[in-house]
Amino acid sequence: MACTNVYWAAVPCIHVSTPRRNLVFPQPRLREAELSALTSPGRAQFYFVFRSFQSLQTVARRPGTSANRVFGLSVRPRAVQCARVPAFSASRETAAMAFRCQRDSYAREFTTTVVSCRPAELQTEGSNGKKAVLSGFQVVLEDTLLFPEGGGQPDDHGTINDISVLRVTRRGAQADHFTQTALAPGTEVQVRVDWERRFDHMQQHSGQHLITAVADHLFGLKTTSWELGRLRSVIELDSPSVTAEQVAAIEQSVNEKIRDRLPVNVRELSLDDPEVEQVRGRGLPDDHAGPVRVVTIESVDSNMCCGTHVSNLSDLQVIKILGTEKGKKNKTNLAFLAGNRVLKWMERSHGTEKALTTLLKCGAEDHVEAVKKLQNSTKLLQKNNLNLLRDLAVHIAHSLRNSPDWGGVVTLHRKEGDSEFMNIIANEIGSEETLLFLTVGDEKGAGLFLLAGPAEAVETLGPRVAEVLEGKGAGKKGRFQGKATKMSRRAEVQALLQDYISTQSAEE
């Protein structure tokens, strides 16, 4: 064997570069016979990148090796940055290296070592929609069981030494794990994955591959993107429409293939492998180098993918296509559920059906007709109620007009009513000399208001009324109306209007 230079750098893989091929090994466990098979005398120069200098020493201490020679190769340890190692770039090895979660999607826990830990912040969004910033740490491990978000698939949840990992993201060749507790570099840790979430993502992602392949094969419907949602997943198809018959055929075909228990396997191909050109995919990341990860459903589909997948379609259990919706830019969105999500959906649907049976007092087969009858009855009642409110508004307007207290400021509040109700009163009164302040809604909570009267006065007072009631409004031609949040301050508005009238009278 020719003298071959060996260098090390602290990244979790071994990188071997020869004139013919690039190889990446997840751990430094090459035997001398394997090295002999990879090299030819006088022409190969190898670069081995070990996990750490300690890993190099571990290999060097094996029988038949020494501190300066590993498997008969010349060893030159250099404490340099990865990017400075000849023929090696840390950023370009990102896509070449597979994390433990990608090598074995079914693994639930394993032991690894902390490489680094640095202070960081994480932006989150609560259930109320408000954003918050959490302080914590970005922890990098030698390898990870937790999938970092990518390829349309959300990140895994899990723990490191029972410390919750709130987010996992890819950064170059590494995965950043956000925790709110620091972990010391060099510490051996136990990583556990939230298996329910992981398996759910495996089912949905493999289900997407299957639906995409079948839709393309049966009808030439190409997938342009997809999203793994919290409750359902959506595939964007490059077609302005998809018929109900096509959806039914796709659903039938994918479930037949699930029943056929077709294997799903993951392979790595070199970039110059002719087979790569035959593999479906939407392109590689800009920082990709080394092998291409290919997920294959036997006799159905091969697709470039970084996600976690089932090993057999039988693990999908069943796929239910919920329907289609109009998408962006002349595309169609197809919504689906796979595996356990179908069971949960059926459980929710059955619970709803039982509740409706009790409320409607009829069997499930009559629910639709019963609801239609209720809707028709409700519309009729609403129409009658509106007519009564209009009649009431006219009567109230005449009563106010004929009241001995008429003039200056006139106020009225009703719990029931709407904007139309208040405007009918204002129209019937039709006075431009009196300030009319009408409100409807909760006496102490939210509601609607209307201020009518002389145009100049309303233009001046309208915004101030909205401010007192802590609401918003707009107006023109002697009317200002809007929504209020503090109807309990109506008395303050009345005092404001009375002061304005008194000031105007004094000036005259």
Side-chain angles (χ1 to χ4, degrees), residues 8-16 23-30 48-62 81-82 88 90-91 93-120 122 136-151 153-199 201-202 266 268 290-291 293 306-309:
W8 71 272
V11 296
C13 63
I14 304 175
H15 181 77
V16 180
L23 301 172
V24 176
F25 299 90
Q27 296 184 16
R29 294 178 179 175
L30 290 178
F48 288 77
V49 184
F50 291 87
R51 292 178 182 274
S52 63
F53 185 62
Q54 181 180 0
S55 299
L56 176 64
Q57 290 176 321
T58 300
V59 176
R61 285 199 297 269
R62 291 179 180 176
Q81 296 294 323
C82 295
F88 177 82
S91 63
E93 287 305 313
T94 299
M97 180 177 63
F99 297 118
R100 175 66 185 273
C101 56
Q102 295 169 306
R103 301 194 303 274
D104 182 4
S105 297
Y106 288 83
R108 304 191 187 194
E109 61 180 77
F110 89 131
T111 301
T112 186
T113 303
V114 177
V115 173
S116 65
C117 180
R118 59 184 176 85
L122 176 67
F137 304 88
Q138 291 289 14
V139 178
V140 176
L141 307 174
E142 283 189 353
D143 198 353
T144 185
L145 197 64
L146 306 181
F147 179 78
E149 182 177 3
Q153 179 176 324
D155 58 343
D156 281 336
H157 290 173
T159 60
I160 303 174
N161 277 3
D162 295 325
I163 298 168
S164 294
V165 177
L166 305 182
R167 184 71 54 81
V168 188
T169 54
R170 187 174 75 89
R171 179 170 57 89
Q174 302 169 331
D176 284 337
H177 306 73
F178 185 88
T179 67
Q180 292 187 284
T181 302
L183 291 162
T187 304
E188 187 174 84
V189 292
Q190 188 78 8
V191 181
R192 291 186 177 88
V193 67
D194 178 341
W195 175 246
E196 183 178 356
R197 177 180 171 91
R198 157 67 68 75
F199 189 58
H201 290 177
M202 289 164 61
V266 178
E268 289 187 352
R293 190 168 181 265
C306 66
T308 55
H309 289 272

> Closest approach of Asp143 and Thr112, non-hydrogen atoms and distance?
Replying inline: N-OG1, 3.4 Å

>> Quick check: closest heavy atoms across Pro185 and Cys117, and the distance to 0.1 Å?
In response: CG-N, 4.2 Å

> Between Glu142 and Val115, what is the shortest heavy-atom contact and its length?
Replying inline: N-CG2, 3.4 Å

> Any side-chain heavy atom of Val191 within less than 4.5 Å of one from Thr111?
Replying inline: no

> Between Asp104 and Arg198, what is the shortest heavy-atom contact and its length?
Replying inline: O-NH1, 4.4 Å

> Nearest 0.5 Å, what's the CG-OG1 distance between Leu122 and Thr179?
Replying inline: 10.5 Å

>> Working to the nearest 0.5 angstrom, can you tell me the gap between Leu146 CG and Asp155 CG?
In response: 8.5 Å

> Roughly how far apart are His309 NE2 and Ser105 OG, rounded to 0.5 Å?
Replying inline: 7.5 Å

>> Within this structure, what is the OG1-CZ distance for the pair Thr181 and Phe137, rounded to the nearest 0.5 Å?
In response: 7.5 Å

>> Is a donor from one side chain sitting under 3.5 angstrom from an acceptor on the other, for His177 and Thr144?
In response: yes

> Given the rule in the salt bridge (charged side-chain N to carboxylate O under 4.0 Å, His left out) test, do Asp176 and Arg118 qualify, once you have shown the distances and angles that lead to the verdict?
Replying inline: CA-CA 10 Å; Asp176 284 337; Arg118 59 184 176 85; 3.5 Å; yes

>> Test your reading of the model: is there a side-chain donor-acceptor pair from Asn161 to the backbone of Ile163, 3.5 Å cut-off?
In response: no

> Are Glu188 and Thr113 close enough that a side-chain donor and a side-chain acceptor fall under 3.5 Å?
Replying inline: no

>> Working to the nearest 0.5 angstrom, can you tell me the gap between Gln174 CD and Ser116 OG?
In response: 6.0 Å

> side chain to side chain contact (heavy atoms under 4.5 Å, CB included) between Leu145 and Arg103: does it pass, once the steps are laid out?
Replying inline: CA-CA 9 Å; Leu145 197 64; Arg103 301 194 303 274; over 6 Å; no

> Should Glu149 and Thr169 be marked as a side chain to side chain donor-acceptor pair (under 3.5 Å) after you check the CA-CA gap, both sets of side-chain angles, and the distance that decides it?
Replying inline: CA-CA 6 Å; Glu149 182 177 3; Thr169 54; over 6 Å; no

> Any sub-3.5 Å donor-acceptor pair from Gln102's side-chain atoms to Phe99's backbone N or O?
Replying inline: yes

> Which heavy atom in Leu141 sits nearest to a heavy atom in Val139, and how many Å separate them?
Replying inline: CD2-CG1, 3.9 Å

> Can we say Asp156 and Arg167 salt-bridge, meaning some charged N sits less than 4.0 Å from an Asp/Glu carboxylate O?
Replying inline: no

